[in-house]
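First comes the structure, then the notes that go with it.
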Amino acid sequence: MLVKNCKIIDKDGKDIVTDILIENGVITKIEKNISAPAGEIIDAEEKYVLPGIVDVHTHMRDPGLTQKEDFTTGSMACARGGVTTFIDMPNTIPVTVTKEALADKKALMNGRAYVDYGFHFGGSKKDNSSEIKDIINETASTKIFLNMSTGDMLIDDEKTVENIFRESKIISVHAEEEMVAKAIEFCEKYDKELYLCHLSKASEIELLKAAKARGAKVFGEVTPHHLFLNTDDVSKTERSQLLLRMKPELKEKSDNDALWAALADGTLDTIGTDHAPHLIEEKLAKLTFGVPSVENSLEMMLNGVKDGKITLKRLIEVMCNKPADIFKIKNKGNITAGYDGDLVIIDITDNSPVKDDKVITKAGWTPYENCNKGGKVLTTILRGQVVYSNGKFNGLYGREVKYYE
Ligand code: DOR
Ligand code: ZN
Ligand code: ZN
């Protein structure tokens with residue numbers, strides 16, 4: 001595939017217009033006026049072309065909770081949103097906490113995704129630390145829950161948590177407030193890499209900043225909803241009081257501001273959506289934690305660029321480069337020769353509103369109803385094949401990613 005007239009950001013943060021050649025799924029040439037080879041040619045018409053988004057925090061609900069989402073609908077929502085790689089969380093039914101459950105999940109998902117994918121292994125309250133060495137090179141991380149959330153995965157026994165830290169390469173953690181401090185303590189004690197999911201509060205940012213200053217191998221993620229929404233949005237209507245609930249809960253406007261500042265200055269490392277679909281009927285019937293967002297993340301995050309909160313270069317770092325780097329996902333997240341030909345073509349002049357009736361996720365709603373987009377995803381390309389363009393989907397080409405050492 002040849003993608004002509006792509007506006008990309010070069011290393012110095014400058015816009016350049018170039019062609020991109022993808023051969024056998026891999027980027028082979030990035031230069032002007034590449035002569036057309038055999039195969040598909042797309043003209044990006046000098047629109048921005050970004051590396052496909054890498055979302056390392058999604059709950060695709062498959063197996064066991066497929067009324068909420070499944071691998072095909074969830075990955076379709078990814079393609080719609082410009083996400084070409086997603087990593088799935090272990091709080092499915094069964095939970096992904098044994099070698100067998102992981103193998104079964106992999107077999108079950110084969111051939112069912114529109115984009116590429118990987119898995120986090122779950123740390124178990126029954127202490128599955130002895131299983132970790134066997135799966136360490138075929139999963140993104142060990143994910144542990146240090147606070148209560150959807151699914152019964154909370155580990156409250158410290159010894160078990162410590163055993164899991166000792167055996168893991170990188171630990172992803174659902175931790176809030178004082179549990180963030182606890183997770184950082186274990187990260188330093190065992191000299192392991194720690195990925196703090198969905199930080200939501202100014203005080204947590206201070207903990208992250210201090211840990212980084214001490215040289216701890218710690219990374220921080222923020223979700224679009226914790227950046228864009230706060231308690232004022234929750235309290236607006238009876239509906240929003242039920243819909244806009246998740247763990248961690250939305251915080252104050254001052255926390256939004258602290259998160260944006262930390263995202264811009266490098267304290268925070270990544271955007272992960274925490275795509276956590278629950279059906280609208282479930283959300284309105286009883287308090288249920290989680291919001292869908294994989295298909296809106298890039299379009300919403302482009303508002304940050306439009307409003308001057310972060311540069312487009314920084315957006316690409318936090319949505320593409322760094323998530324792939326932190327989890328050592330092979331050949332993803334960069335427009336560089338030798339990397340996978342995963343691209344997303346966007347139109348930053350299209351600021352049309354997000355609409356519930358357009359969503360792909362089975363959840364059937366979006367927390368961003370009527371918010372203006374900072375730009376629109378036009379076309380999503382996975383390893384040189386168009387998987388989404390202009391409302392149309394194509395192919396179940398997704399396959400499992402690989403990790404490097
Ligand atoms: O709100 C949340 N929902 N937070 C989580 O940590 C899990 C997620 C889910 O799986 O529904
Ligand atoms: Zn969580
Ligand atoms: Zn989550």
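In what follows, every heavy atom counts, from backbone to side chain, and hydrogens, waters and symmetry copies are set aside. Numbering of ligands and ligand atoms starts at 1, following listing order.
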Quiz item: So is F145 polar-close to ligand 1, meaning N/O to N/O under 3.5 Å?
Solution: no

Please could you name the atoms of ligand 1 that [X] approaches to less than 4.0 Å, counting only its heavy atoms?
X	answer
H174	6 (O)
A276	3 (N), 8 (C), 9 (C), 11 (O)
R61	9 (C), 10 (O), 11 (O)
M246	1 (O)
H278	11 (O)

Exercise. Could you check D116, N331, V26 and say which one makes a side-chain contact (heavy atoms from CB on, under 4.5 Å) with R383?
Key: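 Among the candidates, only D116 passes.
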
Quiz item: Considering the options I53, V83, V54, D55, which one meets the side-chain contact (heavy atoms from CB on, under 4.5 Å) requirement together with M319?
Solution: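 Looking at I53, V83, V54, D55, the match for M319 under the side-chain contact (heavy atoms from CB on, under 4.5 Å) is I53.
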
Exercise. Please state whether the rings of F119 and Y117 are parallel, tilted or perpendicular, taking 30° and 60° as the class boundaries.
Key: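 Geometry flag for Y117 against F119: perpendicular rings.
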
Show the atom names and distances, to 0.1 Å, of all donor-acceptor pairs under 3.5 Å that link a side chain in residues 389-400 to residues at least two apart or in another chain.
from: S389; atom 1: OG; to: T379; atom 2: OG1; distance (Å): 2.9
from: N394; atom 1: ND2; to: V386; atom 2: O; distance (Å): 2.8
from: E400; atom 1: OE2; to: K106; atom 2: NZ; distance (Å): 2.9

Nearest protein heavy-atom contact for [atom]: which residue, which atom, what distance?
atom	value
atom 4 (N) of ligand 1	K247 O, 2.8 Å
atom 6 (O) of ligand 1	S149 OG, 2.6 Å
atom 3 (N) of ligand 1	F289 O, 3.1 Å

Practice problem: Determine which of the N, O or S atoms in H59 is closest to the Zn ion (ligand 3) and give its atom name. | Solution: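 When I compare the N, O and S atoms of H59, NE2 is nearest to the Zn ion (ligand 3).
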
Practice problem: Cation-pi check, K330 to Y404: give yes when NZ or CZ is under 6.0 Å from the six-membered ring centre and within 45° of the ring axis, no otherwise. | Solution: no

Practice problem: Establish, for the pair K192 and F165, whether the NZ or CZ atom is under 6.0 angstrom from the six-membered ring centre and no further than 45 degrees off its axis. | Solution: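 Judged by the rule, K192 and F165 form no cation-pi pair.
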
Quiz item: Given that the side chain starts at C-beta and the backbone is N, CA, C, O, which of these parts of V291 lies under 4.0 Å from ligand 1, counting heavy atoms, or is it both or neither?
Solution: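 Neither; no heavy atom under 4.0 Å.
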
Quiz item: Can a salt bridge be assigned to the pair K236 and D232 using a cut-off of 4.0 Å between side-chain N and carboxylate O?
Solution: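 No, this pair does not count.
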
Quiz prompt | Under 2.8 Å from the Zn ion (ligand 2) - protein N/O/S, by chain and number | solution = H174 ND1, H198 NE2

Quiz item: Is there a donor-acceptor pair closer than 3.5 Å between any side-chain N or O of N334 and the backbone N or O of T336?
Solution: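 It does not hold such a pair.
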
Self-check item: Polar side chain donor-acceptor pair, S200 to K251, under 3.5 angstrom
Solution: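 The criterion, which ignores hydrogens and geometry beyond distance, is satisfied for K251 and S200.
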
Quiz item: So which pairs with a foot in residues 213-242 pass ring-ring contact (aromatic ring centres under 6.0 Å, His included), sequence neighbours left out?
Solution: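 For residues 213-242, and leaving out neighbouring residues, the ring-ring contact (aromatic ring centres under 6.0 Å, His included) pairs sorted by first residue read F228-W260.
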
Exercise. Quick one: list whatever passes side chain to side chain contact (heavy atoms under 4.5 Å, CB included) with D356, sequence neighbours left out.
Key: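 Once residues adjacent in sequence are excluded, the partners of D356 under the side chain to side chain contact (heavy atoms under 4.5 Å, CB included) criterion are R239, W365, T366, E369.
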
